[in-house]
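A short worksheet on the structure shown next.
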Amino acid sequence: MYPSRFRYEAPRSLEEAIRLLHEGGDEAKIMAGGQSLVPLMKLRFASPELIVDINNVPGLDYHRADPDGTLRVGALCRHADLERSDLLKQAQPTMAAAAPLIADPLVRNRGTLVGSLCHADPQGDWASVVVALGGSVVARGPGGRRAIPAAEFVTGPFENALAHDEIAVEAVIPAPVGTRSGGYLKLERRVGDFATVGVAVALETSDGSVTRAGIALTGVGGSTIAATQAAAALMGGPLTPESIERAAEAAAEAAQPRSDHRGSAEYKRHMVRTFVVRLLSRDGASVGKAA
Amino acid sequence: MTTVYDDVGDQAAGDVPMRRIAFTINGARKIAEVEPRLLLAHLIRRGVGLTGTHMGCDTTNCGACTVLVDGKPIKSCTMLAVQADGHEITTVEGLASASELHPLQEGFRAEHGLQCGFCTPGMMLAAKALLDVNPDPTEEDVRWALSGNLCRCTGYQNIVKSVLWAAAKLRSQSAG
Ligand SMILES: Cc1cc2nc3c(=O)[nH]c(=O)nc-3n(C[C@H](O)[C@H](O)[C@H](O)COP(=O)(O)OP(=O)(O)OC[C@H]3O[C@@H](n4cnc5c(N)ncnc54)[C@H](O)[C@@H]3O)c2cc1C
Ligand code: FES
Ligand code: FES
């Protein structure tokens, strides 16, 4: 299969990439890892006239922590970089648990976290993780930079908040105030498959009390679901069997699953509940394995 | 090198905008004129004429088309040929030397790691990338590294054994 014809540019700076996007109008598209875009183009679900490949733009392949602990993930940081990251293993349990569960090793060598957020697939795992962590996306366009909270960045299935001439340059995870814990659990039919159900939990605790909580759901609605009521049920006290139960109940209620070849709506809702209990009962153990 | 395209029925061949790229494949430097929508797998199979890289699903699912780009295994049906510009590609044809099979190839023979052989080139390249960074992998490491490569025949048991065989042989070579 071939994509339909397109013009191809591989600029060497962000400024040039933004100019190309601006001139290209609605028919121009950024290519990062290409792991969602190329398959769509081959199937002719996407037929952009201009591809602006950012792979030759230097200095975008980083992920690093600021001195205060804020994490920044550049637009060319690949899933595989995050899977192997010691920084994540030490300081970002939810992200470290999710990274090895994205797609398969071959896709992980090219696909990017930022590209995954931009793609806004309801079954994309990173969006849930970044939403649960209260992260944001930094966009750059002809008018300058702006930060968009991840919860507002995903505006619907396969839709994001970027203007046509804006590039997402990095994802930002705020520094924790308390002690960070959490994890990501994903039910998949086989290794490398998209989520039947995914649950991201990100907690911060100080003196045994939960000071920040984020819970987000993958694959159980038209787009990533921020289970804010569920998170609120955990705030202000220690984790107890009762608060965990309330959070799990609220998360299951927030899910809007549909029955399909991956499972019935009822089953998926049940799995949301189970995953929330499992993640919280081990008090934010940082290990994550496919269920 | 001239690249010949299939007639895909929706355009005149004359007005295709071509781009010149330079890349290395199995150590040999090449220059090619490619249309941007040409996939890396097409460039390798039809342009360079190396047909060991197989096209299975053509939908980014099976890993039959796996090649190494700068040492990392990727799906060549899901990368544009123009993106190979300035990069180094290794295909299955790059494993053996003129006189000797690569230990991975020997391992697949010794442990019956293939039946129809369609997935084998991709399996060996994904395995090579693993052994390059982890010379002494566990069975779990091998299974994890090959989890993007599907095999419809073997049930994977002998593939894993083949890779472990190759790892042992490579270790004994570098020790001796
Ligand atoms: C077999 C297979 C299995 C997969 N399984 C999973 C899975 O289990 N979980 C999961 O989360 N994902 C999965 N994916 C998707 C994968 O994670 C992709 O890498 C990801 O969705 C897109 O990232 P990319 O860098 O490849 O983006 P691309 O494919 O390059 O781009 C995707 C979209 O985002 C836009 N875009 C990309 N980067 C930017 C940017 N910096 N600024 C503005 N717009 C941008 C593009 O224009 C395009 O519209 C799978 C993919 C495959 C092929
Ligand atoms: S042919 Fe490329 S993944 Fe199947
Ligand atoms: S040997 Fe036939 S597909 Fe693997």
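Side-chain atoms are counted along with the backbone in the values below, which use heavy atoms only and exclude waters and symmetry mates. Computed from a predicted structure; not experimentally measured. All chains are named by letter (A, B, ...) in the order of the sequence lines, taking the proteins before the strands, and each is independently numbered beginning at 1.
In A/His22, the NE2 atom is not crowded: 12 or fewer heavy atoms of neighbouring residues, nucleotides or ligands sit closer than 6.0 Å. By the 6.0 Å contact criterion, CD on A/Glu23 is enclosed, its count of non-hydrogen atoms from other residues, nucleotides or ligands being greater than 12. Surrounding CZ of A/Arg12 are at most 12 heavy atoms belonging to other residues, nucleotides or ligands under 6.0 Å away. Around CZ of A/Arg258, the count of heavy atoms belonging to other residues, nucleotides or ligands within 6.0 Å does not exceed 12.
Using a 4.5 Å heavy-atom cutoff, the side chains of A/Val191 and B/Arg143 are not in contact.
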*asked:* Is there a side chain to side chain contact (heavy atoms under 4.5 Å, CB included) between A/Leu106 and B/Asn149? Walk through the geometry before answering.
replied: CA-CA 8 Å; A/Leu106 308 165; B/Asn149 296 79; 3.6 Å; yes
*Could you walk me through whether B/Thr78 and A/Gln35 pass the side chain to side chain contact (heavy atoms under 4.5 Å, CB included) check?*
CA-CA 7 Å; B/Thr78 314; A/Gln35 300 302 290; 3.7 Å; yes
*Carefully, step by step, assess A/Val107 and B/Lys75 under the rule side chain to side chain contact (heavy atoms under 4.5 Å, CB included).*
CA-CA 7 Å; A/Val107 170; B/Lys75 296 174 180 176; 3.5 Å; yes
_Show, in sequence, the C-alpha distance, side-chain angles and deciding distance for B/Leu39 and A/Lys42, and conclude whether the side chain to side chain contact (heavy atoms under 4.5 Å, CB included) test is met._
CA-CA 10 Å; B/Leu39 301 168; A/Lys42 286 170 71 177; 3.5 Å; yes
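Here CE of A/Met1 is found 7.5 Å from CE of B/Met55. Values are rounded to the nearest 0.5 Å. Taking CD from A/Glu9 and CZ from B/Arg19, the interatomic distance works out to 6.0 Å, rounded to the nearest 0.5 Å. Atom CG in A/Asn109 sits 11.0 Å away from atom CG in B/Asp70 (nearest 0.5 Å). Atoms CG and CG, on B/Asp58 and A/Leu43 in that order, are 8.5 Å from each other to the nearest 0.5 Å.
Contacts of A/Met41 with chain B are absent, with no heavy-atom separation under 4.5 Å from either backbone or side chain. With a 4.5 angstrom heavy-atom cutoff, A/Arg84 touches chain B only via side-chain atoms.
Nearest approach of A/Pro105 to B/Ser147, heavy atoms of both residues: CD-OG, 3.2 Å. Nearest heavy atoms, B/Thr60 versus A/Pro39: OG1-CG, 3.3 Å.
Residue A/Tyr8 forms a side-chain contact (heavy atoms from CB on, under 4.5 Å) with just one option from B/Glu35, B/Gln83, B/Arg37, and that option is B/Gln83.
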